[in-house]
Amino acid sequence: MALVVYNDLTRKKEPFEPIEKDKVRFYVCGPTVYDFFHIGNARPFVLFDLFRRYLEATGYEVTFVQNFTDIDDKMIRRANETGTTVPELAERFIAEYFEDADALGIKRADIHPRATHEIGEIIKIVETLIEKGHAYEKEGDVYFSVVSFPEYGKLSKQSIDELVSGARIEVDERKNNPLDFALWKASKPGEPFWESPWGKGRPGWHIECSAMSTKYLGDSIDIHGGGSDLVFPHHENEIAQSECASGCQFVKYWLHNAYIMIDKEKMSKSLGNFMTVRDIRKKFNPLVLRYFLLSAHYRSPINFSKEGLDQAQSALERINNCYSDLNFAVANRNPCEKDDALAEAVTRARQGYRDSMEDDFNTAGALGSIFDLVRAVNVHLTENEGLYREGIKAAKDFFDDVNRVFGFFQTEEGSDAEIDALLAERVEARNSKNFKRSDEIRDLLAAKGIIIEDTPQGARWKRQI
RNA sequence: GGCGGCAUAGCCAAGCGGUAAGGCAGAGGACUGCAAAUCCUUCAUCCCCGGUUCGAAUCCGGGUGCCGCCUCCA
C-alpha cells in the first residue's frame, strides 16, 4: 500500500511519486493579511499542515512554503479605512495569523515568504513573460495574454471560449482578451509602489505565488494546495505564468479542499457569513476546531454549526480521556498477564489508520481506527486490575505517532499545588463521609474548569478541554 | 450556457461491487455516597425509478433535491 492522492489536474487518484525521490516540494497559498482569518480560511491551513506532517512521518523530506499576500487592493483599502499603512497592517495581521495558527496546532512553514519582499523576483518573471511574447504592457500595466498559452484552462477544464462566454468580468479596454489578467499594476496616486521597467507600480495577485514558488522550490514542484475557489482563476493563472516562463510543468499534484458551509452557503468574507478563528477561540478550545476540520474528508464540504463543534468537543474528550487514563494507569498499576485482544487491536488500528491516510488522506476513516483502539484500551483498563504493559506501551506509541500528525492529544499532565491540596482535602472528607464538603470542593474546582475523577487507584483531576 | 460536487440512522461521518466503520446524542443496565469517566446492551439496508451482475450504498441510464466555480474569495 502506498500513498494515493486525488490530483485535480487529472481528476483522478494517482500514486504519489515525488519528482525527486524521498523529497517533497510543497506550496500552499497563504492568507492576505488584512484581517483575522476565518474558519473557512483555517481549513486549508490545518489540512495541508496535516498532509505535510503525514508525509514527514512516513519518511519524506518536505520543504513546505506558505506565503503571505501583503500587498493588494484589499490591503490598500483596509489600511486607508483604518488610518494605518500597508506595511503596518501587514505586520499586525501576520502576527495575528501566527497566534491563531499556533493555537490550531499548525506548524510553521519552512519558509513564509512575503510578496513585498520578492518584488525583484516578480519583476524578473514579468520581464521574461514579455520577452517570450506571453505578456504586454499597456499604460504602465502589464497583462498576461491567455491566448498565448494553448493549454490555458487545463486545470479548470474550460476552454478560453467557454470562459469568455460565461464571464461576469467587466470589459477593460486595455486588455486584448477579457481573460487576460494583470501581472503588474501601475500605482495610483497615494498607493504603495515599487520602481519597475514599466514605471511605478505593484505586482498582481497571481504572479506572487508563481514567483515565490519558483524562487524557493524551483520550476517544478510536487504539491500545490489551496481552497477549491482558487482553481479558477488563481491557480489556472499561476500555471500559465509559470509554465510560459520556465517551459517546465509547474506542479505535479494539485490538491484542493472543499469549503466550510454555513446555512447551506459557502462561508466567505464577501458574503459576511463568517466566524473568525479568534471568535471560536472565545468559546472553544482551538483543538476542538482542529478536530472538527479533520472529521470529514478534505474534498467534502463541511457544514459549520455550534452543534458540530459540540460533537467535536465530546469526541475529542473521549480520545483525550483514554490517553490520560492510559498514562495514569501506567503510573499507578501493577503488571498483569498478556491481553491478546489489546495486542491485536493495536495492530489493527495501525493498519487501518495507515490504509485510510494513504487513500488520499482520509482523516475521517483514520479517526475511526483511532477510536477503535480507544475502545480496546478502555476495555482493557476496565476488565483488568493490572496492566498488560507491552500492549499498553504499543497503544501509547501508536497514539503518539498519530499525534505527531493529528496533533490534538493533550500530552501535558498538569500539576498544580493548590488543586492538589484541594484534592487531598476532598479525599479526607470522603473518607470521613463528609460528602457535603467533598461535593463543595468538586463544584469549586468544576467552576474553574477542573474535573475530578475517582478511580480505584485514587482520585485525580484534569482540565476541561 | 460551460465545468464540477453532494444526497448513508435524530445529528456528524467513513465505506465506492460481496450482504452498512467510527463519533455525538438517546434508551436500558453495571460501577459510584452522588457524580464524572468507563464498560455492556440497544439504535440504518444507504433520495427515487429502471438496468448490468450470482451479488450494488457502491457500476450504468433517467429523475428529484441541495451546493460550488466560471468576479475578490480558502
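As the structure is a computational prediction, the values presented were derived from the model and not from experiment. Residue numbers start from 1 in every chain, and the chains themselves are labelled A, B, ... in the order their sequence lines are given, proteins ahead of strands.
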Visitor: Is there side-chain contact between A/Leu294 and A/Leu47, with at least one heavy-atom pair below 4.5 Å?
Guide: yes
Visitor: Describe the nucleic acid contact of A/Arg430 in one word from base, sugar-phosphate, nothing, applying a heavy-atom distance below 4.0 Å.
Guide: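 Contact class for A/Arg430: base.
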Visitor: Determine the Euclidean distance between corresponding C1' atoms of B/G4 and B/A14; express it in Å to zero decimal places.
Guide: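 Pairwise C1' distance, B/A14 against B/G4, rounds to 22 Å.
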Visitor: Taking the six-membered ring for Trp, are the ring centroids of A/Tyr34 and A/Phe93 within less than 6.0 Å of each other?
Guide: no
Visitor: Return the set of residues passing side chain to side chain contact (heavy atoms under 4.5 Å, CB included) with A/Val330 (not counting sequence neighbours), or none when no residue passes.
Guide: A/Leu326, A/Leu387, A/Arg389, A/Ile392
Visitor: Who are the side chain to side chain contact (heavy atoms under 4.5 Å, CB included) partners of A/Asn303, not counting sequence neighbours?
Guide: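 With neighbours one apart ignored, the set is A/Met261.
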Visitor: Classify A/Asn41 by what it touches in the nucleic acid, base, sugar-phosphate, or nothing, heavy-atom distance under 4.0 Å.
Guide: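 The residue A/Asn41 makes base contact.
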Visitor: Using a 4.0 Å heavy-atom cut-off, does A/Gly226 contact any base of the nucleic acid, only the sugar-phosphate backbone, or nothing at all?
Guide: sugar-phosphate
Visitor: Polar atom pairs between nucleotides 24-31 of chain B and protein, under 3.5 Å, N or O only, would you list them?
Guide:
none

Visitor: Does the separation of the ring centres of A/Tyr97 and A/Phe45 fall below 6.0 angstrom?
Guide: yes
Visitor: Show which side-chain atoms of residues 368-380 of chain A pair as donor or acceptor with protein atoms under 3.5 Å away, not counting sequence neighbours.
Guide:
{"from": "A/Ser369", "atom 1": "OG", "to": "A/Tyr353", "atom 2": "N", "distance (Å)": "3.3"}
{"from": "A/Asn378", "atom 1": "ND2", "to": "A/Val374", "atom 2": "O", "distance (Å)": "3.3"}
{"from": "A/His380", "atom 1": "NE2", "to": "A/Tyr388", "atom 2": "N", "distance (Å)": "3.4"}

Visitor: Classify A/Arg299 by what it touches in the nucleic acid, base, sugar-phosphate, or nothing, heavy-atom distance under 4.0 Å.
Guide: nothing
Visitor: Assign A/Asp325 to base, sugar-phosphate, or nothing according to its heavy-atom contacts below 4.0 angstrom with the strands shown.
Guide: sugar-phosphate
Visitor: Taking the P atom in each of B/U58 and B/C46, what is the distance between them to the nearest angstrom?
Guide: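 One P to the other, the span is 9 Å.
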Visitor: Just jot down the side chain to side chain contact (heavy atoms under 4.5 Å, CB included) partners of A/Ala186, sequence neighbours excluded, or say none.
Guide: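 A/Ala186: side chain to side chain contact (heavy atoms under 4.5 Å, CB included) contacts with A/Asp141.
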Visitor: Please classify the nucleic acid contact of A/Ile260 as base, sugar-phosphate, or nothing, using heavy-atom distances under 4.0 Å.
Guide: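 It contacts base atoms.
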Visitor: Under a 3.5 Å cut-off for both contacts, is B/U45 paired Watson-Crick or G-U wobble with anything, and if yes, with which nucleotide?
Guide: none
Visitor: Would you classify A/Lys74 as touching base, sugar-phosphate or nothing, given that sugar-phosphate means primed atoms plus P, OP1 and OP2, and contacts are heavy atoms under 4.0 Å?
Guide: sugar-phosphate
Visitor: Using the test ring pair (Phe, Tyr, Trp, His ring centres under 6.0 Å), find all partners of A/Phe361 that sit at least two apart in sequence or belong to another chain.
Guide: A/Phe51
Visitor: Taking only nitrogen or oxygen atoms into account, show me every contact under 3.5 Å that the protein makes with nucleotides 65-69 of chain B, one pair per line with its distance.
Guide:
{"from": "B/G68", "atom 1": "O2'", "to": "A/Tyr259", "atom 2": "OH", "distance (Å)": "3.0"}
{"from": "B/C69", "atom 1": "OP1", "to": "A/Lys266", "atom 2": "NZ", "distance (Å)": "3.0"}

Visitor: Under the rule for side-chain hydrogen bond (donor to acceptor under 3.5 Å, both in side chains), what residues qualify as partners of A/Ser295, not counting sequence neighbours?
Guide: none
Visitor: Give A/Ser156 one of three labels, base, sugar-phosphate or nothing, depending on what nucleic acid heavy atoms sit under 4.0 Å from its own.
Guide: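 Sugar-phosphate: the residue A/Ser156, judged by heavy atoms under 4.0 Å, touches backbone atoms but no base.
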Visitor: Can you check the distance between B/C47 and B/A7, where both ends of the measurement are the P atom (answer in whole Å)?
Guide: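 Per the computed distance, 8 Å lies between those P atoms.
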Visitor: Determine the interatomic distance between P on B/C24 and the same-named atom on B/A36; round to the nearest Å.
Guide: 15 Å
Visitor: How far does the C1' atom of B/A13 sit from the matching atom of B/C49, given to the nearest Å?
Guide: 27 Å
Visitor: A/His206: what forms a ring pair (Phe, Tyr, Trp, His ring centres under 6.0 Å) with it, not counting sequence neighbours?
Guide: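 Testing A/His206 for ring pair (Phe, Tyr, Trp, His ring centres under 6.0 Å), a comparison that skips the adjacent residues, returns A/Phe181, A/His234.
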Visitor: I'd like a table of atom pairs between the protein and nucleotides 14-19 of chain B - only N or O on both sides, under 3.5 Å - with the distance next to each one.
Guide:
{"from": "B/A14", "atom 1": "OP1", "to": "A/His297", "atom 2": "N", "distance (Å)": "2.6"}
{"from": "B/A14", "atom 1": "O3'", "to": "A/Asn362", "atom 2": "ND2", "distance (Å)": "2.7"}
{"from": "B/G15", "atom 1": "OP1", "to": "A/Asn362", "atom 2": "ND2", "distance (Å)": "2.7"}

Visitor: Any side-chain N or O of A/Arg375 less than 4.0 Å from the OP1 or OP2 oxygen of B/U38?
Guide: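 Checking B/U38 against A/Arg375, no side-chain N or O comes under 4.0 Å of OP1 or OP2.
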Visitor: Look through every strand shown and name the nucleotide pairing with B/A30 as Watson-Crick or G-U wobble, where both distances are under 3.5 Å.
Guide: B/U38
Visitor: Just call it for A/Ala42: base, sugar-phosphate, or nothing, with non-hydrogen atoms closer than 4.0 Å on any strand.
Guide: nothing
Visitor: Hey, which of these two, A/Asn321 or A/Lys269, hits RNA chain B nearer its 5' end, going by closest nucleotide?
Guide: A/Asn321
Visitor: Contact class for A/Arg426 (heavy atom, under 4.0 Å): base, sugar-phosphate, or nothing?
Guide: base
Visitor: Could you report the tightest heavy-atom contact between A/Glu243 and A/Val251, atom names first, then the distance?
Guide: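 A/Glu243 and A/Val251 have their closest heavy atoms at OE2-N, 4.4 Å.
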Visitor: Residues in salt bridge (Lys or Arg N to Asp or Glu O under 4.0 Å) with A/Glu440, at least two apart?
Guide: A/Lys436, A/Arg437
Visitor: Look at the side-chain N and O atoms of A/Trp205 and state whether any lies under 4.0 Å from the OP1 or OP2 oxygen of B/C73.
Guide: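 Checking B/C73 against A/Trp205, a side-chain N or O does come within under 4.0 Å of OP1 or OP2.
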Visitor: So what does A/Asn378 touch, heavy atoms closer than 4.0 Å: a base, only the sugar-phosphate, or nothing?
Guide: sugar-phosphate
Visitor: Both distances under 3.5 Å, Watson-Crick or G-U wobble: report the partner of B/G50, or none.
Guide: B/C60
Visitor: Closest-nucleotide mapping onto RNA chain B: is A/His234 or A/Ile302 further toward the 5' terminus? I mean the 5' end.
Guide: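 Looking at RNA chain B, the more 5' nearest nucleotide goes with A/Ile302.
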Visitor: Taking side-chain hydrogen bond (donor to acceptor under 3.5 Å, both in side chains) as the test, write out the residues that go with A/Glu418, two or more places apart.
Guide: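 Residues passing side-chain hydrogen bond (donor to acceptor under 3.5 Å, both in side chains) with A/Glu418: A/Lys448.
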Visitor: Roughly how many Å apart are B/A21 and B/A44, using the P atom of each and rounding to a whole number?
Guide: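 B/A44 and B/A21 have their P atoms separated by 11 Å.
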